[in-house]
Amino acid sequence: MKIISREGWNARRPASTVYRITWAQRTEFYVHHTAGPRGQSIRSIQDFHIDDNGWSDVGYNFLVDEDGVIYEGRGWLAVGAHCPNHNRSGISAAFIGKNNPTPAALRSIRWLYEESCRRAGRKLLRRGHGQSFPTSCPGPRLQSWLNAGMPIDDEPAPKPAPPIKIIMKGGVPQWPGRLLMVDEPMMFGEDIRLWQERLKTRGWNIDVDSWYGPESRTVCRGYQRATGLPENGRVDKATWDMTWSWRPPQTSPEASADR
Ligand SMILES: [Zn+2]
């Protein structure tokens, strides 16, 4: 697989020292998306990371475009700026786009993963950015592809999610009986979408993407804290029911008369 070198995409010199590590220190392989448009130039991403974020260089070790072309970012053994606390242990590949990876891009990311394992001399843990940091990166499609084991011959976005049957009662969806929590593979489904949507309409800052990742857990904890539930970051029956039944105090007199 051909990698376009930094000279090849007209990279700037790093603005400050980029530190180096050894393969012995690498244990993880991170997948990201840039969350920008497909076809964005590597140089403009580097400029943004240096000039706006104040980083020493483009944050990722490698970048991959929609045609599967691989670009050298910081390279194999540089400490990155892509996931707090995992920039030394984790090497990173970013798809240039936003939740719309192409089969060609998946093939190249898979190749980067295998080449990283080969160079490290052992299997690296495959991770999506959102599995280690509260972010929706790398988007549900890349995350589900990671969960499915990075298949490269099938459709770009396998959806392994089991269908979840939601029963409505008086216009309120009933708890479907599974505990929503951060898990591996990441949980996905209609129940999660409904829960996220409900919280969003009630003013909570949450992405309605049907995935229960660290971001959902953070919101869940905040919600449990606000409503006096045990703060465990999991949507259990009590949390689910509260999401639909809870009203701010001092509402209608009927609500207090019910007690
Ligand atoms: Zn990311």
Side-chain angles (χ1 to χ4, degrees), residues 9 14 18-19 21 26-66 68-76 78-102 105-106 108-113 116 124-148 150 156-157 182-188 196 205-219:
W9 55 267
V18 171
Y19 294 96
I21 54 160
R26 289 280 200 222
T27 54
E28 306 167 292
F29 179 91
Y30 276 89
V31 174
H32 299 264
H33 65 180
T34 58
R38 277 186 187 177
Q40 188 178 0
S41 77
I42 314 303
R43 177 58 188 264
S44 71
I45 296 169
Q46 183 193 32
D47 285 344
F48 184 78
H49 286 181
I50 292 177
D51 299 332
D52 292 76
N53 294 356
W55 298 344
S56 52
D57 197 354
V58 61
Y60 312 111
N61 296 92
F62 291 95
L63 300 96
V64 173
D65 74 13
E66 59 189 314
V69 177
I70 301 174
Y71 301 86
E72 179 186 24
R74 296 192 181 197
W76 297 107
V79 174
H82 60 91
C83 185
N85 300 319
H86 299 268
N87 288 316
R88 303 176 70 85
S89 55
I91 187 168
S92 58
F95 169 68
I96 302 165
K98 186 172 185 181
N99 196 33
N100 50 6
T102 56
L106 297 184
S108 294
I109 295 170
R110 168 76 177 259
W111 181 85
L112 280 167
Y113 171 67
S116 299
L124 302 176
L125 206 60
R126 294 183 275 235
R127 309 282 285 171
H129 188 185
Q131 289 178 281
S132 297
F133 189 78
T135 170
S136 56
C137 175
R141 291 184 171 201
L142 279 168
Q143 187 60 54
S144 66
W145 176 68
L146 275 168
N147 293 348
M150 292 181 152
V182 173
D183 202 0
E184 213 158 340
M186 208 188 279
M187 292 179 79
F188 176 89
Q196 290 171 332
N205 181 19
I206 188 168
D207 275 353
V208 182
D209 61 6
S210 308
W211 289 89
Y212 200 88
E215 195 185 48
S216 290
R217 179 174 58 192
T218 300
V219 172

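Atoms within each ligand, like the ligands themselves, are counted from 1 in listed order.
Excluding waters, the count of protein N/O/S atoms less than 2.8 Å from the Zn ion (ligand 1) comes to 3.
Remark: the Ser136 side chain and the Glu215 side chain contain no N/O donor-acceptor pair separated by less than 3.5 Å. Donor-acceptor pairing under 3.5 Å is lacking for the side chains of Gln196 and Asp207. Side chain to side chain, His86 and Tyr30 meet the donor-acceptor criterion of an N or O pair below 3.5 Å.
For the side-chain hydrogen bond (donor to acceptor under 3.5 Å, both in side chains) test with Ser89, the passing option among Arg127, Arg26, Glu28 is Glu28; the others fail.
A side-chain donor-acceptor contact under 3.5 Å links Arg74 to the backbone of Val79.
From Leu112, atom CG reaches atom CD1 of Ile70 across 4.0 Å, with rounding to the nearest 0.5 Å.
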